[in-house]
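Note on naming: letters A, B, ... go to the chains in the order of the sequence lines (proteins, then strands), and numbering restarts at 1 for each one.
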2 protein chains.
Amino acid sequence: MHDHSALLEKMRAHAPDEGNILSLAGLFKVFGDPTRVRILYALSAGEMCVCAIGEYLEMDQSAVSHQLKVLKQHRLVKNRREGKTIYYSLADRHVFSIITQGWEHVTEETENEAAE
Amino acid sequence: MHDHSALLEKMRAHAPDEGNILSLAGLFKVFGDPTRVRILYALSAGEMCVCAIGEYLEMDQSAVSHQLKVLKQHRLVKNRREGKTIYYSLADRHVFSIITQGWEHVTEETENEAAE
DNA sequence: CATTCATATGAATGATTGTTCATATTATAT
DNA sequence: ATATAATATGAACAATCATTCATATGAATG
C-alpha cells in the first residue's frame, strides 16, 4: 500500500459527523424502495386515505400501513384523522424536491443503465 | 372499503412511468448505505485512490471495491487509471446536490429522530 | 518472466427488510 | 353492547445485500 498520510491527515481534519452520515443514509434508504416512492408520488397529488393508496397501487392494506409507518417515522408524510379514515399527505416541501433532484439524475442519461 | 373510483380515475390518468419509479428507487437505494455515503463524502474533497479510501474509512480494500462498483454502475463516480493505481472521483454535480438536499431535511428537525 | 503492488471479482454468510397472514385498535352506526 | 369499517401491529418468511475471504486481473519493476 502506498503512502497517503498527508491526504488522510487533511481529510480527517474536516470529516463529517458520523451521526449525520447515518441519518442521511437512513433517509435515502427510505426513498430507496419502489413501493414507498409510488406512495410518495401518489401523495404528491394530494392527501389520500390508506385504502385508496392500497387500491391505487394494488397492494393490500397491511403492506401500505407498514410503509406509511416508515415514511412517518422519517417525517416524510403526515396524517390527519376524519372519523374512521385517516388521510396521509406529504410532510413538507423537502420531500418532493428530493425526489425531483433524483429524477434529474435518472432521466438525464439513459444509456447503459446497468452497464459495466 | 369506501369508494374512491373518482379519485383513482384521475390519478391513473397521469401516473408516473413504472420504469422511472424503479430507476429512481434504485438510485436512492445507492445513497441509502452509510458506507457509500462516506465514500461519496470523501470523494467530494477530490479524487482518491481505492486504498486511500479504504484506509480513511478503515475498511478493507475488497469492501471498498465492491461499493465503488455499485457507485460506478449508477454513474455516481468515475475513475481514471494512473499506472497501478486507480483514482475515483464524483461523476457529476448531481451527486453532491442530492446529498445536500437530503442533508437539509435531516438537519432541519432534530427532535425525536426515531419516535412514534 | 517472476514478483510485487493496486484493484477487481466470485462465492459464502449473516443481517436487514418488504410482504403476508392473523389479529388488534379505534371509531361509527344500529 | 354488537357489528362493521378503516387502520395498525406483530410474527414469520423469503429475498436482498454488505461484508469477508480467497483468488484473479493488470501494471510496473527487477
Could you tell me whether the side chains of A:Ser62 and A:Asp60 share a donor-acceptor contact shorter than 3.5 Å?
no
Is A:Tyr88 close enough to D:dA8 that one of its side-chain N or O atoms is under 4.0 Å from OP1 or OP2 there?
yes
Has A:His66 got its ring stacked on the base of C:dT19, with centres under 5.5 Å and planes less than 30° apart?
no
Rounded to the nearest Å, what distance is computed from the CD1 atom of residue A:Ile86 to the C1' atom of nucleotide C:dA27?
10 Å
How many Å lie between CD on B:Gln73 and C1' on C:dA8, as a whole number?
12 Å
Please tell me which of the listed nucleotides, D:dT20, C:dT19, D:dA27, lies nearest to the side chain of A:Ala63?
C:dT19
Once you round it to whole Å, what is the distance between C1' of D:dT7 and CZ of A:Arg80?
15 Å
Provide, to the nearest angstrom, the distance between the CG atom belonging to A:Leu57 and the C1' atom belonging to C:dG18.
14 Å
A:Ser62, nearest nucleotide to its side chain (from D:dT7, D:dA27, C:dC21):
C:dC21
If only side-chain N and O atoms of A:Gln67 are considered, is one of them under 4.0 Å from the OP1 or OP2 phosphate oxygen of C:dT19?
yes
On the nucleotide C:dA27, are OP1 or OP2 found under 4.0 Å from the side-chain N or O atoms that A:Arg81 carries?
yes
Kindly compute the distance separating OH (B:Tyr88) from CD1 (B:Ile39), expressed to the nearest 0.5 Å.
10.0 Å
Does any N or O in the side chain of B:Arg38 come within less than 3.5 Å of the main-chain N or O of A:Pro16, such that one atom is a donor and the other an acceptor?
no
Of all the choices, C:dC5, C:dG18, D:dA5, which nucleotide is nearest to the side chain of A:Asp33 once you look at every atom?
C:dG18
Partner lookup for D:dG30, please. Criteria are Watson-Crick or G-U wobble with both distances under 3.5 angstrom; report none if nothing qualifies.
C:dC1
How about B:Gln61 and B:Ser65: does a side-chain donor come under 3.5 Å of a side-chain acceptor?
yes
When you check the phosphate oxygens OP1 and OP2 of D:dA6, does a side-chain N or O of B:His2 lie under 4.0 Å from one of them?
yes
Can you check the B:Leu71 CG to D:dC17 P distance for me, whole Å?
14 Å
Pair A:Phe31 and B:Phe31, ring centroids less than 6.0 Å apart:
no
It should be established whether A:Lys29 places a side-chain nitrogen or oxygen under 4.0 Å from OP1 or OP2 of nucleotide C:dT17.
yes
Send over the distance from B:Tyr87 OH to D:dA27 C1', rounded to a whole Å.
14 Å
Choosing from D:dG26, D:dA18, D:dA5, which nucleotide comes nearest the side chain of B:Thr35?
D:dA18
Got A:Leu24 and B:Tyr41 here, is their nearest side-chain heavy-atom distance under 4.5 Å?
yes
Distance below 4.0 Å between B:Gln61 side-chain N/O and C:dA6 OP1 or OP2
no
Find the distance A:Lys78:NZ to D:dT7:C1' and express it as a whole number of Å.
20 Å
A:Met59 or B:Lys84: which one's nearest nucleotide on DNA chain C is closer to the 5' end?
B:Lys84
Please give, in whole Å, the distance from D:dA5 P to A:Asp60 CG?
18 Å
